[in-house]
Each structure stands twice: as C-alpha cells, then as structure tokens.
Amino acid sequence: MGAEGLIAGRLRFRGKMAVTAVAVSFFVMIVAVAISGGFRREIRNTVSAACGDVVLSASSTNYYGETDPVSSGEDDIRPILENGGVRSVTPAVYRAGVVKAGDDICGVLVKGIPVEDTVALGVKIPVRLANAMKLAVGDDMLTYFIGENVKLRKFKVAGIYDNPVEAGEQMVVYASISDMRRLNGWSGSEASVLELSLDEKLRTREGMRSVAADFSTDYVALSTPDRYSQIFDWLDLIDFNVVAILILMTVVAGFNMISGLLILLFQNVSTIGILKSVGMTDRSISRVFLKVSARLVALGMLAGNAAALLFCAFQAATHLIKLNPENYFVSFVPVSVNLPLVLAADAIAFVVIMLLVLIPTAFISRMDPALTAKAE
C-alpha cells in the first residue's frame, strides 16, 4: 500500500448524510431502470400475445371482412419460418360484429384463433364487454356480422379476460378459428392474417419494422409499432424520463459528495498543512481525499444497489404496488432487472460523481502550510 492509500485509510469521515444521499440516489436510479425495462417487457409481451409482432395480410384495407383471405397452409408458413428471427406463425380470422343483449348493442372485433373447441361456439370476452352487456360465463351472446348478408351467431361465453391493450378502441372477442372460417365460408387453410412472433432480440421498433419489410413484396406487412404507435411512443417517453432521472440523481449524489468532501477538508486542515510541510505535493494530497471519497461513494452505491435489488425482487414476487391498467396498460408496477444495464448505470454514475468531486480538491492548492499546519 502506498503512502496515499495508507493516509486515506487513516482518515475517518462521519458524513453519514452524504453516504445516505448517494445510496438513495443509486436506489432511485436502479429502480427507475428496472421499472422502465419492466414496462417495456410486459407491454411488448402483452401486445405480442394479442396480435403478434408483425401481421401479414392480403389487403391493407379490409382484413376485418370476409374477403381477401391469405393461405395458412404448411407450404405457405414454412418459408416464413425460414426467415431468421421468426419464432412462430399463427393464422387468425377477424370479423367486425355487433353484440346485442336486450336493448343494448355494442361493437366488437371477433378474432378466430386456433384453440381446442371445448364449448360449441364458445368465446372469451373482455371484462369491459362483460360489464357493459351484463354477461357472465355460460351466458348466450347474440352477435350480428354485417357484410353482403347479415349473419347471426349465438355464441356461448366460455371465459372472461382482462387485457387493457386491445385493437384500438374496439373490444376483442376470442373465438375458434374454425367457427370463424365457417362464418366466412372459407376453407381450413384460409385466414384473415398471419401473425408473426419474433425472437426477443428483434422485438424492438427497428427490428419489427425490418422483418415487416422483408415480407412486403408477398404480403401487406404491418409491424406492431406501426399498429400501436401511441403505445410505443409512450414507452419511449418512459425511457426519456428514466434518462432524466439518472442524470438528476447522479448530479444530486455528486453535489452531496462535494459537500461531504468539503466538510472532510475543513476537518483535516491541519493534516493537509503537515502533509505539505513534509513535501507531499498538492496532487498527491488530492488523491488521498479522492480515495476517501471513492470509498464513500462505493459504499453508498453498494447499499443503494442492494436495497434496489431487494425491492425489485419483492415487487416482482408480490406485485404489491398496483396501477390503473386504463392509464398504464398493466395492473401493477412491473420490474425487470437487466444486470448489464444496471452495471453500466453504476459505472457511469460513479465516474461522473468522482469527476464532480474533483471540484473541491482545487482548494487544497490554496492552503498555506505555514498557517494550516497550526490550525486546530
């Protein structure tokens, strides 16, 4: 251990407030990063489960109707799966309809998906529709489909689900794809769209648009960010807010450490004078106090990280903090700890704080050893 490290180890600083402020700042930073990642993961997974990451159709204007189907046979799906990054392809049949219950009517979007038919003409309906039309599991649901001819189906409510991410303002009713194909008079290999689920590495705005562009010559391809642009814009806004929080908390921690270091300097004026008297340079003395500051920042960083990771683990396990899904698309505060991102945030914040701490060390060069060595 060099002389600087030995002296730094001997100095004791009782500035618990500075260490606490650093710990709180790192706690807020890590939790903000985890919540941002959690929102992105939960909402993207929800949207992907509801409608895929990329939608392929034969028409850009009317795949909610009974015309312009696409083929979903094995020979059609195999080339799509051969495209790098496509994890699965799910055919779906969409039809716009009107639900009637008593004197009440409500517009819905019925989506036929591959399911095992456990109930004849069984459907799953959203909570909003169940509440609006006073429907419960086991009830009949009359649905009118308007096209060249008006068609009526009496569905049986087999389940009720809660999904705040729906197709625009329409409420999505899930039915069997075979029932919807019979409604449209289609064969067993025809569908309104093919919904593509992508690998995690491609589930970004740019990645999904890139895959959509790959199929634009054979289909009308639309990526989820283009279908739900307002949701992805909202996620980008969250990321912007997180960056602002990181900057703010880093500056707060830095200025708290500046205050703490100034206190440490004033407490050790005589020590500084003695070190100068024995020939230690201003730069060496500055490094002594920077080592003390680095030790305190590291202590606060470790404490803040530990508290943040414990909080994230607890929130992920219990979903204790709730949200209004109508405003936030999820019913709880989601958290997702990305360890490389956390370490990067720690490293950048640590470096910035230490750069800010350089400011008060400039006062060392102005101290006269003849006077400071006599200071009490």
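Just so you know, these numbers use all the heavy atoms, side chains as well, and skip hydrogens, waters and symmetry mates. Bear in mind the structure is a predicted one, so any value in this text is a computation, not a measurement.
- No donor-acceptor contact under 3.5 angstrom links the side chains of T143 and R153, judged on distance only.
- Residues R182 and S178 form a side-chain contact, since some pair of their non-hydrogen atoms from C-beta on lies under 4.5 Å apart.
- Interatomic distance, L194 CG to S88 OG, rounded to the nearest 0.5 Å: 11.5 Å.
- R128 has no carboxylate O lying under 4.0 Å from a charged side-chain N of D162, or vice versa, which leaves the two without a salt bridge.
- Put simply, the residue from V342, V333, V337 that forms a side-chain contact (heavy atoms from CB on, under 4.5 Å) with C312 is V337.
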Would E200 and R203 count as a salt bridge (charged side-chain N to carboxylate O under 4.0 Å, His left out) if you check the C-alpha gap in whole Å, the side-chain angles of each, and the deciding distance to 0.1 Å?
CA-CA 5 Å; E200 191 64 33; R203 293 175 72 184; 3.4 Å; yes
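- The closest side-chain heavy-atom distance from D226 to F232 is not below 4.5 Å.
- The number of heavy-atom neighbours closer than 6.0 Å to CD of E74, taken from other residues, nucleotides and ligands shown, is 12 or below.
- Between Y174 and I125, every side-chain heavy-atom pair lies at or beyond the 4.5 Å cut-off.
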Working note: D139 + K156, criterion salt bridge (charged side-chain N to carboxylate O under 4.0 Å, His left out); need CA distance, chi angles, decisive distance, verdict.
CA-CA 6 Å; D139 290 348; K156 178 77 70 174; over 6 Å; no
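- By the 6.0 Å contact criterion, CG on L343 is enclosed, its count of non-hydrogen atoms from other residues, nucleotides or ligands being greater than 12.
- Between L109 and R95, the closest side-chain pair of non-hydrogen atoms is not below 4.5 Å.
- For the pair K111 and V173, the minimum side-chain heavy-atom distance is 4.5 Å or more.
- In this structure, the side chain of E42 does not engage the main chain of F39 through any donor-acceptor pair within 3.5 Å.
- Atoms OG and CG, from S223 and L196 in turn, are 11.5 Å apart once rounded to the nearest 0.5 Å.
- Taking CG of D236 as the reference point, atom CZ of F240 lies at 11.5 Å (rounded to 0.5 Å).
- Taking the side chain as every heavy atom from C-beta outward, E195 and V89 never approach each other to under 4.5 Å.
- Atom CG of L235 sits about 13.0 Å away from atom CZ of R41, to the nearest 0.5 Å.
- A heavy-atom distance below 4.5 Å is not found between the side chains of V108 and V172.
- Salt bridge R209/D214: absent, no basic N to carboxylate O contact under 4.0 Å.
- Here OH of Y228 is found 10.0 Å from CG of L222. Values are rounded to the nearest 0.5 Å.
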Carefully, step by step, assess V110 and M180 under the rule side-chain contact (heavy atoms from CB on, under 4.5 Å).
CA-CA 8 Å; V110 182; M180 299 307 294; 3.6 Å; yes
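- Using a distance-only test at 3.5 Å, with no hydrogens or angles considered, a donor-acceptor pair links the side chain of R181 to the main chain of G188.
- With rounding to the nearest 0.5 Å, the separation of CZ in F332 from NE2 in H319 is 3.5 Å.
- A donor-acceptor contact shorter than 3.5 Å is absent between the side chain of Q315 and the backbone of P334.
- Panel note: side chain S36, backbone A32; no donor-acceptor pair is recorded below 3.5 Å.
- With sequence neighbours left out, V252 forms a side-chain contact (heavy atoms from CB on, under 4.5 Å) with S25, L248, M249, N256.
- Taking a 6.0 Å sphere around NZ of K100, one finds it holds more than 12 heavy atoms contributed by other residues, nucleotides or ligands.
- Looking only at side-chain heavy atoms (C-beta outward), Y219 and V193 stay at 4.5 Å or farther from each other.
- At a cut-off of 3.5 Å, with distance as the only test, no side-chain donor of D53 or T224 sits close to an acceptor on the other residue.
- Classified by interplanar angle (parallel below 30°, tilted 30° to 60°, perpendicular above 60°), the ring pair F145/F155 is perpendicular.
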